[in-house]
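Quick note: numbers below take in every heavy atom, side chains included, and nothing from hydrogens, waters or symmetry partners.
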Amino acid sequence: MLPAEILDAIIDELGCSQDSDPESLKGLLHCALVCRSFHHRASGHLFANIVIAPTPTWTNAYIIYNRFILERLEGLYQILRKNDSIGPRVISFSLETALHGSDPDNIIKYGHTLPTILRLLSSIRRFSWKNHLSNVFCEDLGSDLMGALGSLGERTSLQSVSMKCFELTAFPLRFLSKMDHLSFCHMFLPEEWASTLADRQNDCPTRLRDLVLQGCSKLTSWIAQTPDLFSQLTKFDVWMRNEGEVHAAWLVMQATSETLEVLNLSDVSHFRYPTLIPGPVDLGILRRLRIIALSFNLATADRVLFPLCICGLLQPPTSPSQLENIEIQINWIDCIQGSEEARFVDEPGWDAFDKILSQESLHPKLRSVSLKLKMGYGWRQHPSSNHPPPEIVVIRDVVVSLASRLFRRTVAARSWRPKMDIEIYKSRFIL
């Protein structure tokens, strides 16, 4: 008989690889049936990370989607109810639903199953809830569920929370008042929160390291009053679609100027503002910022071939930045054949970007610039072929040739050149 420590180590090894290796998962399930000690150790791994969601290929109607989710929740509830040692060992809980406000009889929102499950997860570290339909407001949820959600903010074990497509007031505000034990928060903040948050003060210490902030254009006064909440951020994911959101994001950047390392602008305004990007954003004050990522979706109707706010963001800082990597994705969703030269060679924005990159004194530590250029075209697909027609295949070679003529200043001044990955795809926005 092997010592218990070795048997535990074997089960732990199976648990570490269960997500990537079906045989490990199978072995873990067998271990759970051997004896009580094996069951306790194995079940801790089997239920450590719970995901209640359909498969990625799910195509059925949303009413069937919610029925499937409810069945999974009922099954989990029965397991937790019959074995009270499992709930406290759940580390993460992820839920995906398809709720909408006009469904007053929805059992997920008004039943007892989900609130009871949440209350049983006494040591949870990560909580995620994503809704796949329109935003759900707090008044659309039952009082029992709101109470269970609010109690999560009081769990000292909780480190990460993410709620997508929810416009809640009571739940996230309770988290904000308990921010000292959170290290990640994904908040969608509707503009209606501005008056509520402006009156709330919070000067408690924070361990918040990772923040996703979306829809914050009217929260500048509240952010200005509570800078300590953001003073330890190392990663910041934010929308900067308009002047209000830029100013709010800039206030957070100022509060975290000594610690921020990664800035991800997941939705950025791309229109030609006179100052390129509104607001006094100055990357020079971010003393530890190493990586910045920007993402754009451009349509022909925008009349913007190159998002000049890239140049606005990287314009000469007050002091040299600490940037090491810049990652940019530009997705032109409705390209027309023959527009490639205007998009690259004739577009002055590329030359402005090249000029900034070539000035080593502005960003002396910059070593890598990666551009993912996606170009959506329309073509008629032959029923018997999954490949694009020859005239579309040729476009990629044309684009590669045009792109190779960019960044001549940077190549001459630096020891590296920007990397470009070009993808031609079939767009649903153009025939």
Side-chain angles (χ1 to χ4, degrees), residues 1-59 65 68-97 113-114 117-118 120-130 132 152 155-164 181-186 207 209-210 212 234-235 237 261-262 264 291 293 325 327 370 372 421:
M1 180 68 177
L2 294 174
E5 292 80 1
I6 295 180
L7 294 173
D8 286 346
I10 293 173
I11 294 176
D12 292 344
E13 185 65 27
L14 292 173
C16 291
S17 56
Q18 62 173 317
D19 292 333
S20 58
D21 181 12
E23 290 301 316
S24 294
L25 176 59
K26 184 178 179 180
L28 202 60
L29 291 169
H30 286 311
C31 288
L33 301 176
V34 174
C35 61
R36 287 183 180 272
S37 62
F38 273 39
H39 175 269
H40 183 81
R41 195 79 179 188
S43 61
H45 291 288
L46 290 169
F47 290 92
N49 302 293
I50 297 177
V51 178
I52 304 294
T55 62
T57 57
W58 183 274
T59 58
Y65 183 112
F68 172 83
I69 295 298
L70 183 60
E71 290 174 357
R72 296 284 301 275
L73 288 171
E74 290 285 356
L76 176 61
Y77 167 71
Q78 295 300 328
I79 293 174
L80 297 177
R81 185 178 66 85
K82 294 176 181 178
N83 193 331
D84 56 9
S85 69
I86 291 180
R89 289 181 290 157
V90 175
I91 295 174
S92 72
F93 182 71
S94 178
L95 176 64
E96 296 187 22
T97 56
T113 303
L114 182 55
I117 289 174
L118 295 179
L120 291 173
L121 308 182
S122 58
S123 300
I124 187 173
R125 299 179 192 173
R126 298 181 296 275
F127 175 71
S128 172
W129 188 352
K130 180 179 181 180
H132 287 281
L152 286 177
R155 308 276 170 82
T156 56
S157 60
L158 191 66
Q159 300 173 359
S160 168
V161 57
S162 174
M163 296 192 72
K164 295 185 178 182
H181 60 260
L182 280 181
S183 60
F184 171 83
C185 186
H186 181 152
R207 292 198 303 118
R209 299 290 185 270
D210 193 334
V212 179
T234 59
K235 184 177 181 181
D237 187 323
E261 298 178 5
V262 179
N264 181 22
I291 300 173
N325 301 296
E327 301 170 3
S370 301
K372 173 73 173 181
D421 179 18

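Listed by first then second residue, pairs satisfying side-chain hydrogen bond (donor to acceptor under 3.5 Å, both in side chains) with a partner in residues 30-40 number zero, not counting sequence neighbours.
Atom OG of residue Ser24 and atom NE2 of residue His45 lie 11.5 Å apart, to the nearest 0.5 angstrom. Atom-to-atom distance recorded for Leu14:CG and Glu23:CD is 10.5 Å, nearest 0.5 angstrom. Note that CD1 of Ile86 is 6.5 Å distant from CD1 of Ile79, once rounded to the nearest 0.5 Å. Note that the CD1 atom of Ile50 and the OG atom of Ser94 stand 10.5 Å from one another [nearest 0.5 Å]. Separation of atoms CG (Leu120) and CG (Asp84) is listed at 9.0 Å; rounding is to 0.5 Å. Here Cys16 contributes atom SG and Asp21 contributes atom CG; the two are 12.0 Å apart, rounded to the nearest 0.5 Å.
Under the rule for a salt bridge (charged side-chain N to carboxylate O under 4.0 Å, His left out), the partners of Lys372 that lie at least two apart in sequence or sit in another chain are Asp421, Glu423. Residues forming a salt bridge (charged side-chain N to carboxylate O under 4.0 Å, His left out) with Asp12 (at least two apart in sequence, or on another chain): Arg41. Applying the side-chain hydrogen bond (donor to acceptor under 3.5 Å, both in side chains) criterion to Asn325, with sequence neighbours excluded, gives no partner residue. Phe47 is linked by a ring pair (Phe, Tyr, Trp, His ring centres under 6.0 Å) to nothing, counting only residues two or more places apart in sequence or in another chain. With sequence neighbours excluded, the residues satisfying salt bridge (charged side-chain N to carboxylate O under 4.0 Å, His left out) with Glu261 are Arg290.
For the pair Ile117/Leu80, a side-chain contact is recorded, criterion being any heavy-atom separation below 4.5 Å from C-beta on. Considering only heavy atoms from C-beta on, Arg126 stays 4.5 Å or farther from Leu158 through its side chain.
Nearest heavy-atom pair, Phe93 versus Leu73, reported as atom, atom and distance to 0.1 Å: CZ-CD2, 4.2 Å. In terms of heavy-atom proximity, Ala32 sits nearest to Leu46 at CB-CD1, 4.2 Å.
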(request) Run the numbers on Ile11 and Leu28 for side chain to side chain contact (heavy atoms under 4.5 Å, CB included), then give the verdict. (result) CA-CA 7 Å; Ile11 294 176; Leu28 202 60; 3.8 Å; yes
(request) Begin from the C-alpha positions of Arg89 and Ser43 and carry the test side-chain hydrogen bond (donor to acceptor under 3.5 Å, both in side chains) through to its verdict. (result) CA-CA 9 Å; Arg89 289 181 290 157; Ser43 61; 3.0 Å; yes
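No side-chain N or O of Arg155 forms a donor-acceptor pair with one of Ser123 less than 3.5 Å apart.
When each of Leu114, Leu118, Ile52 is tested with Trp129 by the rule side-chain contact (heavy atoms from CB on, under 4.5 Å), just one qualifies, namely Leu114.
Residue Arg72 qualifies as enclosed at atom CZ: its count of foreign heavy atoms under 6.0 Å is above 12.
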